[in-house]
Amino acid sequence: MERLKKRSDFLRTARGYKRAMPGLVLQTRAHRAEDGEARPARIGYTASRRVGGAVQRNRARRRLREAVRKVLVGRARPGHDYVLIARPGTLTRKWDDLLRDLEKAAEDIHRAKPRRNSKHTNIHTFERGLD
RNA sequence: UCAGACGGCUGGAUGGCCGCCAUGUCCGGUUUACCGGCAUGGAGGAAAGUCCGGGCUCCAGGAAAACACGGUGCCGGGUAACGCCCGGCGGGGGCGACCCCAGGGACAGUGCCACAGAAAGCAAACCGCCGGCGGGCUUCGGCCUCCGGCAAGGGUGAAAGGGUGCGGUAAGAGCGCACCGCGCCGCCGGCAACGGGGGCGGCAGGGUAAACCCCACCGGGAGCAAAACCGAAUAGGGACUGCGCGGAGCGUCAGCUCCGGGCCCCGUUUUCCGGGCCGGCAGUCCGGGUUGGUUGCAUGAAGUCCGCCGCGAGGCUGGCUCAAGAUGAAUGGUCAUCGCAUGGGGCUUGCCCCAUGUACAGAACCCGGCUUACAGGCCGUCUGACGCC
């Protein structure tokens, strides 16, 4: 899956839908090219200093990346950007639980998302994300 | 055996499944592009803090001096260099091995020295000591007061103007003497810091420079997001042509030459040399450098082994090795087994079982240091006790 690399992509995705789990936070937002054609799903990772030092942040990002490879690859919808935010629990959560967290988060966030014309609506039960 | 001092090394292992980055005289998909295989390589002793010193890059036109600012501060050596390291010296601590020291100058000047104390920089006298045809009182021991001579003893303090002892004296005082300290002048040893010893001086000259300051030495600025190259769009920018020009000269014109003047060119100032600029409008052409890409970017004050020189830091010769290169940032995720510690239990005394823990921490241009963090493990040298011979 292609990676998100620009700060503006992260900021835009943070304005979309959000689901928090003990081991991670998942954000998503539809992103289509100018010609309206659906593009492959993209994924980005965020591990702030809240998680710990450089060692902890790197390890959290690697665990999330591996979880995405196992769980999200088959579930991600084309034309959507996803951002995974690491939390302190990302490091301590048991591996199987972390995988279930991501599964559940993806399921919830896709169900909560209206099927059509989601661009400007926002569901109030999902809190607004910070970058 | 116990207690301790110093120096050095190390920083888990194996396997299964699934992945990431780089490289390639490799294989396949039709050659390139690209895709899939295969092979090889892929974090540290501190990669950290970013505190010093350099390389490298750009900026400032070249050079010198002064000033300002900052840093360093016993001596000698090592080094590309250092505020680092090594070897000494001096002072302090420890029975000792060893450890610690911001360790130039306090007769260049200025400032400060709280509290306590009579007095904190110039000498001073609170309690005291001593003397007196002085005066008063007296229980005849002395007390009070006055005038002199003192600073030994007490007391305050971090520090009270040399210390200890003997002599001396009314009591005292370097007043005299000895030793120690201090100052000055030779001598000897040492490259030096400094050490040793001799003579003279009767003692002046408290501390603080981690207060300003003085002296000596060193120092341009910014940093790989430096910088170079390739390169969509837009504006500024440059060149040429036409109109146009501080003064003078030449010339038909285009223009050229000479003479001044102003401004600008490293923190500041001065001097010398050198250089640039001094307009606007129109047209044409060139160029321009943001997102992105490539280079910088890993062969270097490199590592390692032997030999030689050196007490050592280190140096020299020769051989061998090439050892991560990401950029929202690869070097991993997970599971299992083992190892190692600590505690508990079993017990066939060296095995088994259970539980817990397994640190600090992630390259970002590269080196030399320093500092800080760290579960544990290993090795060497030395010291002091006790025991044995």
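Letters A, B, ... mirror the listed sequences (proteins, then strands); counts begin at 1.
Base pairing analysis places A222(B) opposite U57(B); the two distances defining the Watson-Crick or G-U wobble pair are each below 3.5 Å. Figure legend. G260(B) is base-paired to no nucleotide; pairs are counted as Watson-Crick or G-U wobble with both atom distances under 3.5 Å. Pair check for G155(B) finds none; no Watson-Crick or G-U wobble contact set falls under 3.5 Å. When both pairing distances are held under 3.5 Å, C351(B) makes a Watson-Crick or G-U pair with G346(B). With a 3.5 Å ceiling on both atom-pair distances, G205(B) lacks any Watson-Crick or G-U wobble partner. For U337(B), the paired nucleotide is A13(B), the pair qualifying as Watson-Crick or G-U wobble because both relevant distances are below 3.5 Å. Look at G41(B): its Watson-Crick or wobble partner, with both distances under 3.5 angstrom, is C21(B). With a 3.5 Å ceiling on both atom-pair distances, A301(B) lacks any Watson-Crick or G-U wobble partner.
C258(B) and C245(B) have their P atoms separated by 23 Å, with the value rounded to a whole Å. Distance check on atom C1': A326(B) versus A364(B) gives 8 Å, rounded to whole Å. Separating the P atom of A324(B) from that of U304(B) is a span of 15 Å, rounded to the nearest Å. On the P atoms, A239(B) is 46 Å away from A68(B), given to the nearest whole Å. Atom name P, nucleotides G369(B) and U57(B): the rounded distance is 24 Å, in whole Å. Across the P atoms, G131(B) and G93(B) are found 47 Å apart, a figure rounded to whole Å. Spacing of P atoms, G87(B) relative to A106(B), comes out at 31 Å, to the nearest Å. Spacing of P atoms, G289(B) relative to A235(B), comes out at 15 Å, to the nearest Å.
Taking every heavy atom of residues 94-102 of chain A and every atom of RNA chain B, pairs under 4.0 Å involve W95(A), by number.
Checked against salt bridge (charged side-chain N to carboxylate O under 4.0 Å, His left out), R61(A) has no partners two or more places apart in sequence or in another chain.
Note that CG of L64(A) and OH of Y45(A) are 7.0 Å apart. Values are rounded to the nearest 0.5 Å. The distance from atom CG of D108(A) to atom CG of L26(A), rounded to the nearest 0.5 Å, is 9.5 Å. If you take NE2 on H80(A) and CD1 on I109(A), they are separated by 9.5 Å, rounding to the nearest 0.5 Å. Summarising the geometry, atom CD1 belonging to I85(A) is positioned 5.5 Å from atom NZ belonging to K18(A); distances are rounded to the nearest 0.5 Å. Note: Y82(A) OH to I43(A) CD1 = 8.5 Å, rounded to the nearest 0.5 Å.
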Protein-nucleic acid N or O pairs under 3.5 Å, nucleotides 43-46 of chain B:
none

Check the interface with nucleotides 373-375 of chain B: list each N/O to N/O pair with the protein under 3.5 Å, or write none.
none

Atom pairs, N/O to N/O, protein against nucleotides 17-22 of chain B, distance under 3.5 Å?
{"unit_1": "C18(B)", "atom_1": "O2'", "unit_2": "R69(A)", "atom_2": "NH1", "d": "2.8"}
{"unit_1": "C18(B)", "atom_1": "O2'", "unit_2": "R69(A)", "atom_2": "NH2", "d": "2.6"}
{"unit_1": "G19(B)", "atom_1": "O5'", "unit_2": "R69(A)", "atom_2": "NH1", "d": "3.2"}
{"unit_1": "G19(B)", "atom_1": "O4'", "unit_2": "R69(A)", "atom_2": "NH2", "d": "3.4"}

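The distance from atom CG of L91(A) to atom P of G333(B) is 11 Å, rounded to the nearest whole Å. Look at CG on L64(A): it is 11 Å from C1' on G333(B), rounded to the nearest Å. Atom OH in Y45(A) sits about 14 Å away from atom C1' in A330(B), given to the nearest Å.
A43(B) adopts a syn glycosidic conformation, its chi angle falling within 90° of 0. With its glycosidic angle more than 90° from 0, G255(B) adopts the anti conformation. With its glycosidic angle more than 90° from 0, G287(B) is assigned anti. Glycosidic torsion of G128(B) falls outside 90° of 0, placing the base in anti. Taking the O4'-C1'-N9-C4 or O4'-C1'-N1-C2 dihedral as appropriate, G186(B) has a value within 90° of 0 and is therefore syn.
Among the atoms of the strands shown, none is found under 4.0 Å from any heavy atom of R57(A).
Of all non-hydrogen atoms in M21(A) and A105(A), the two that sit nearest each other are CG-CB, 3.9 Å. Annotation for D81(A) and T28(A): closest pair O-OG1, 2.9 Å, computed over non-hydrogen atoms.
Listed by first and then second residue, the side-chain hydrogen bond (donor to acceptor under 3.5 Å, both in side chains) pairs involving residues 83-96 of chain A are R93(A)-D101(A) (not counting sequence neighbours).
Place Q56(A) and R63(A) on RNA chain B by their nearest nucleotides, and R63(A) ends up nearer the 5' end. Each of A67(A) and R61(A) lies near RNA chain B, and the nucleotide nearest R61(A) is the one positioned closer to the 5' end.
Put simply, the side chain of T46(A) reaches to within 4.5 Å of the side chain of V83(A), judged on heavy atoms. The closest side-chain heavy-atom distance from K104(A) to R19(A) is below 4.5 Å.
With salt bridges taken as basic N to acidic carboxylate O contacts below 4.0 Å, none links R63(A) and E66(A).
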